[in-house]
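Okay, so here's the structure we're looking at.
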Amino acid sequence: MIVDEPWLIVGLGNPGPQYAANRHNVGFMVADLLAERMGGAFKAHKSRAAVLEGRLGAPGAGGPRVVVAKPLSFMNLSGGPVTALSTFYRVPVSRLVVVHDELDIGYGVLRLKRGGGDNGHNGLKSLTASLGREYYRVRFGVGRPPGRMDVAAFVLRDFSAAERKELDFFVDRAADAVEALVTTGLEKAQSTYNG
């Protein structure tokens, strides 16, 4: 095994400014913060994704090699670009981390795990259909829709004003969780970040 094999870190979301602040785009928000921490900028890749190659952590820190990616297909077609990236960079599913919104946990709560079902999440359905289910997930809680609101309408809405007050803190914590998962392993990261 090559010691310095890269990790593929994928933030799920929908492309376009009209979706940028949606609950469904929290994966993109975390990917953007990781890129900022790495001191780099995303570039278009032939896989239909925006990518940044580098080392996790501050520039020059010598952290693990990573490819941070944001699929530029819509959420329900994420599997295609992620599979293409996995093939292009020769990253096995065992080194794939997916950051996504999760309805079944409270707002801002994190749960890290490997494998599992898609829980009705169209991005995860697409990924699992293409790659199997044994990838790592950083699940970012967005809570359930109020009343009888349609789930799709809820996740495609922006965070509320009250939620936005804490959003930067929670996105920062999710980025920390991704870094911990890649550098210290799942169990240690879970003990620190699983809320």
Side-chain angles (χ1 to χ4, degrees), residues 3-13 20-42 49-71 75 78 82 85 89 91 93-116 119 121 123-124 127 134-143 155 158-160 162-195:
V3 176
D4 205 22
E5 287 179 309
W7 285 81
L8 176 56
I9 300 168
V10 176
L12 293 184
N22 288 179
R23 290 178 177 89
H24 223 17
N25 270 41
V26 75
F28 274 17
M29 295 173 197
V30 174
D32 286 338
L33 180 57
L34 289 169
E36 187 181 311
R37 288 179 179 185
M38 292 166 63
F42 285 100
V51 301
L52 170 63
E53 297 175 57
R55 295 200 175 271
L56 212 48
R65 276 182 60 214
V66 295
V67 178
V68 180
K70 299 189 295 183
M75 179 73 81
S78 299
V82 176
L85 287 168
Y89 289 104
V91 177
V93 173
S94 61
R95 293 179 76 84
L96 170 61
V97 179
V98 177
V99 185
H100 64 90
D101 58 302
E102 177 64 57
L103 288 164
D104 284 342
I105 50 181
Y107 173 62
V109 175
L110 296 177
R111 293 270 195 287
L112 283 67
K113 70 176 191 170
R114 183 173 181 188
N119 203 20
H121 192 291
L124 296 182
L127 281 170
E134 289 306 307
Y135 49 89
Y136 293 100
R137 297 119 192 263
V138 175
R139 302 158 66 211
F140 187 112
V142 295
V155 296
D158 290 357
F159 286 100
S160 70
E163 288 169 332
R164 281 195 303 270
K165 288 179 182 165
E166 295 181 301
L167 183 59
D168 287 347
F169 170 78
F170 290 138
V171 168
D172 193 66
R173 192 164 186 273
D176 289 346
V178 170
E179 290 195 33
L181 172 59
V182 168
T183 56
T184 66
L186 179 62
E187 280 185 33
K188 235 177 174 173
Q190 284 175 323
S191 70
T192 305
Y193 293 99
N194 273 12

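Keep in mind that the numbers below use all heavy atoms, side chains included, and drop hydrogens, waters and symmetry copies.
- Seen from the ring of Phe169, Arg173 does not count as a face-on cation partner, given the 6.0 Å and 45° thresholds.
- Legend: residues meeting side-chain hydrogen bond (donor to acceptor under 3.5 Å, both in side chains) with Glu163, ordered by chain and number and at least two apart, are Arg23, Ser160.
- When each of Asp101, Leu110, Leu12 is checked for a side-chain contact (heavy atoms from CB on, under 4.5 Å) with Phe140, only Leu110 meets the rule.
- Classification of the Tyr107-Phe170 ring pair by plane angle, with boundaries at 30° and 60°, yields perpendicular.
- Judged purely by atom type and a 3.5 angstrom limit, Arg37 has no side-chain atom pairing as donor or acceptor with the backbone of Leu56.
- Between the side chain of Arg137 and the backbone N or O of Gly115 there is at least one donor-acceptor pair closer than 3.5 Å.
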Determine whether Val138 and Val30 satisfy the following criterion, side-chain contact (heavy atoms from CB on, under 4.5 Å), listing intermediate values before the conclusion.
CA-CA 10 Å; Val138 175; Val30 174; over 6 Å; no
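- With a 6.0 Å radius and a threshold of 12 heavy atoms from other residues, nucleotides or ligands, Lys113 has its NZ atom above the threshold.
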For side-chain contact (heavy atoms from CB on, under 4.5 Å), just list the numbers for Lys70 and Asp32, CA-CA rounded to whole Å, side-chain angles, deciding distance to a tenth of an Å, and then say yes or no.
CA-CA 9 Å; Lys70 299 189 295 183; Asp32 286 338; 2.6 Å; yes
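- Arg164 and Asp158 are not joined by a salt bridge, as no carboxylate oxygen comes within less than 4.0 angstrom of a charged side-chain nitrogen.
- Taking the six-membered ring for Trp and thresholds of 30 and 60 degrees, His121 and His100 have ring planes more than 60 degrees apart, a perpendicular arrangement.
- The only option from Val97, Val66, Leu85 that meets the side-chain contact (heavy atoms from CB on, under 4.5 Å) definition with Leu8 turns out to be Leu85.
- Side-chain atoms of Arg111 do not come within 3.5 Å of backbone N or O of Ile105 as any donor-acceptor pair.
- Checking side-chain atoms of Arg65 against main-chain N and O of Glu5 turns up no donor-acceptor pair under 3.5 Å.
- Between the side chains of Glu53 and Tyr89, at least one donor N or O sits under 3.5 Å from an acceptor N or O.
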